[in-house]
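Accompanying notes for the structure given below.
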Amino acid sequence: MDIIFGKNKKEQLEPVRAKVTGRIPTWLQGTLLRNGPGMHTVGETRYNHWFDGLALLHSFTIRDGEVYYRSKYLRSDTYNANIEANRIVVSEFGTMAYPDPCKNIFSKAFSYLSHTIPDFTDNCLINIMKCGEDFYATTETNYMRKINPQTLETLEKVDYRKYVAVNLATAHPHYDAAGNVLNMGTSIMDKGKTKYVIFKIPATVPEDKKGKNPLKHTEVFCSITSRSLLSPSYYHSFGVTENYIVFLEQPFKLDILKMSTAYIRGVNWASCLAFHKEDKTYIHIIDQRTKKPLPTKFYTDAMVVFHHVNAYEEDGCLLFDVITYEDSSLYQLFYLANLNQDFEENSRLTSIPTLRRFAVPLNVDKNAEVGSNLIELASTTARALKEKDDQVYCQPELLYEGLELPRINYAHNGKRYRYVFAAEVQWSPIPTKILKYDVLTKSSLKWGQEHCWPAEPLFVPTPDAKDEDDGIILSAIVSTDPQKLPFLLILDAKSFTELARASIDVEMHLDLHGLFIPDTDWDARKQAPSQEEPDGAPDCCEAPQT
Ligand SMILES: CC1=C(/C=C/C(C)=C/C=C/C(C)=C/C=O)C(C)(C)CCC1
Ligand SMILES: [Fe+2]
């Protein structure tokens, strides 16, 4: 397993042509661009956690039935500093590192105590964000790196703090139909307050406005004061509907005092996160029209959510679907020490990721009887029980057990929808199958093959799509069988049958998230990789058949 998780992956700088079997639909033209950790040792030093790995971008360019693959490490300041020192010198989620090992503990304490919030890493390994015409590699700190989506080159380092007061920001922004970005982040102890800040980055900038960079036009949409100044919640994503935003203030919290002393205590950031099972999960619903949270205090039991799937409005209620855990053990399992030969035993989840639907009444009758259920929808068994003091306790409906890395047809984001595409996971965090779950009929279709570990499945609609599932699924598959090459799998999203696969003779990393850039989004001819790579691409076509 170390080969898949812990081994450093080589870059594939020149585009390599894949061996395609089956038929790739002719309308499918564009680039699947993805991000994830690819290097876990530098010199003699080793990261502790899989999320610490240095960001390795990779892309699959699909053109006229062919697939071209390339990969490149993000040249973050973190990457460059590590490579130059030939050891890990920048701290990541699960690994604390010190730039200068010669300094004694007192000078270390002095330099690190001068910042309550330490300077974080720019190793942007989680996702790719589109912002106007630009693409960024993202993580959860205040940094992003602009990238060239064709060459995978690393461009400017962006500090969110220049545009909006946040120390952390999610790697899962939302986009509206015009391409405006909606994201949120945490502002820690700024002017004596810790807040969750929802902000908008416009897709375009009016001609007359100075500066073409949309980030300069970032606007704070709404701020929610954290229940606690020194222990704000950790969150990985949030939900949106046509008129509302859903934010879960969950009892999985960052301890700011622990973070500010982590360097002198020699502990990692992960140890500053804790799940408080005795606490509640507060559900904040922000009205996009008034830019204010609803006054009712909605809450549910303690849980941990990383991924929101979708949310929508129905008959005066807001429904949201999330993948829930009963504890925070997921992040614990990705310590590389657990992901070894015996990972099946060492990395058993203590709670299975479960798709649950919550329903929140948008207009709460103050006179409703205490104990009454405020949800009268035929479509869900989720309940919202009126309590005293304007509180409403939400009880979810269980939809499906054992799934992660959810995606939907994004045209249905914020609206009623039927299909969740996800990776199936059981008691181990390793995906073994790709899943299509129908939230209406509660039925599912699956794709899986021996030794195959699929990445997050991404939905691309057909150009003339009528049904929600008119399109294809793209997923990069790595194999635990060294004889079997990794491949890009293309499934028909309706039937969930394989249309084609493109095998690539490289050591591919397991990635996290990404996006598809249709060729119509840029001047395809100008950017075609075939220009850099004349016909008869090297070695690729000799790839052994799998
Ligand atoms: C470095 C750093 C962080 C990094 C978090 C990361 C890298 C999380 C990755 C999560 C993933 C990949 C989840 C998948 O579901 C924190 C804790 C935000 C804050 C302190 C500094
Ligand atoms: Fe994620």
Side-chain angles (χ1 to χ4, degrees), residues 5 34-38 40 47-56 74 76-78 88 90-97 115-129 137-144 160 166-174 183-188 196 231-239 252-256 258-260 262-263 267-275 304-309 322-325 328-335 349 353 403-407 422-423 425 429-431 455-458 509-515:
F5 284 106
R34 300 188 55 83
N35 200 351
H40 289 90
Y47 287 119
N48 300 321
H49 199 278
W50 187 60
F51 296 171
D52 298 342
L54 293 169
L56 180 52
L74 186 78
S76 58
D77 290 356
T78 301
I88 297 164
V90 180
S91 301
E92 300 292 340
F93 176 72
T95 307
M96 204 31 110
H115 306 277
T116 319
I117 314 300
D119 196 24
F120 291 132
T121 177
D122 69 337
N123 173 31
C124 301
L125 79 154
I126 302 183
N127 202 357
I128 314 280
M129 171 171 111
T138 60
T139 182
E140 296 188 349
T141 67
N142 55 300
Y143 292 118
M144 302 192 282
Y160 262 128
V166 290
N167 305 94
L168 306 167
T170 87
H172 285 287
H174 279 289
N183 200 4
M184 64 180 293
T186 306
S187 169
I188 302 168
Y196 307 106
S231 47
S233 288
Y234 169 83
Y235 50 98
H236 182 73
S237 64
F238 62 103
F252 185 31
K253 297 178 187 172
L254 288 161
D255 185 325
I256 304 303
K258 279 192 178 168
M259 284 178 89
S260 63
Y263 271 111
V267 300
N268 61 19
W269 302 133
S271 74
C272 307
L273 272 166
F275 178 58
V304 176
V305 167
F306 301 106
H307 293 117
H308 280 251
V309 179
V322 283
I323 298 184
T324 65
Y325 293 79
S328 59
S329 65
L330 179 74
Y331 279 13
Q332 208 56 37
L333 296 186
F334 282 100
Y335 276 99
L349 286 159
L403 79 176
E404 249 302 353
L405 301 172
R407 296 292 293 232
V425 283
I430 316 301
E456 171 194 65
L458 198 136
H509 61 311
L510 258 185
D511 64 18
L512 282 162
H513 301 294
L515 44 72

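Just so you know, ligand 1 is whichever comes first in the structure, and atom 1 is the first atom listed for that ligand.
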key: Centroid-centroid under 6.0 Å between Phe252 and Tyr325 rings   = no

Within the 4.0 Å heavy-atom cut-off, what Phe120 brings close to ligand 1 is side chain

Review point. Would you call the rings of His49 and Phe334 parallel, tilted or perpendicular if under 30° counts as parallel and over 60° as perpendicular?
Key: tilted

If you compare Tyr331, Tyr235, Trp269, Phe306 by their heavy atoms, the one closest to atom 2 (C) of ligand 1 turns out to be Trp269

Quick one: are Pro37 and Asp52 in side-chain contact, heavy atoms under 4.5 Å? no

Under 4.0 Å from one or more heavy atoms of Leu168, ligand 1 contributes atoms 19 (C)

* Answer yes or no for atom 16 (C) of ligand 1: protein heavy atom present at a distance under 4.0 Å? => no

Would you mind reporting whether Thr78 and Leu54 have side-chain heavy atoms less than 4.5 Å apart? yes

Inset, instruction - Compute whether any side-chain donor of one residue and acceptor of the other, for Thr138 and Asn127, lie under 3.5 angstrom apart. - result: no

Tested for side chain to side chain donor-acceptor pair (under 3.5 Å) against Tyr143, the lone hit among Asn123, Asp119, Asp122 is Asp119

The atoms of ligand 1 lying under 4.0 Å from a heavy atom of His307, numbered in the order shown, are 15 (O)

Any luck finding a side-chain donor-acceptor pair between His172 and His308 under 3.5 Å? no

Here the atoms of ligand 1 under 4.0 Å from any heavy atom belonging to Met259 are 20 (C)

Protein-derived N, O or S atoms lying less than 2.8 Å from the Fe ion (ligand 2), waters not counted, sum to 4

In ligand 1, the atoms that come under 4.0 Å of a heavy atom of Leu512 are 12 (C)

Ring pair (Phe, Tyr, Trp, His ring centres under 6.0 Å) with Trp269: of Phe120, Phe51, Phe93, only one passes, and it is Phe120

Check contact between Glu404 and ligand 1, using heavy atoms of the residue and a distance below 4.0 angstrom. no

Nearest non-hydrogen protein atom to atom 4 (C) of ligand 1, with distance, is Phe93 CD1, 3.9 Å

Interatomic distance, CH2@Trp50 vs CG@Leu125, rounded to 0.5 Å, equals 8.0 Å

OG1 of Thr170 to CZ of Phe238, rounded to nearest 0.5 Å, is 5.5 Å

In short, Leu515 meets Ile128 closest at the heavy-atom pair CD2-O, 3.5 Å

min-distance protein heavy atom vs atom 8 (C) of ligand 1 -> Glu140 OE1, 3.6 Å

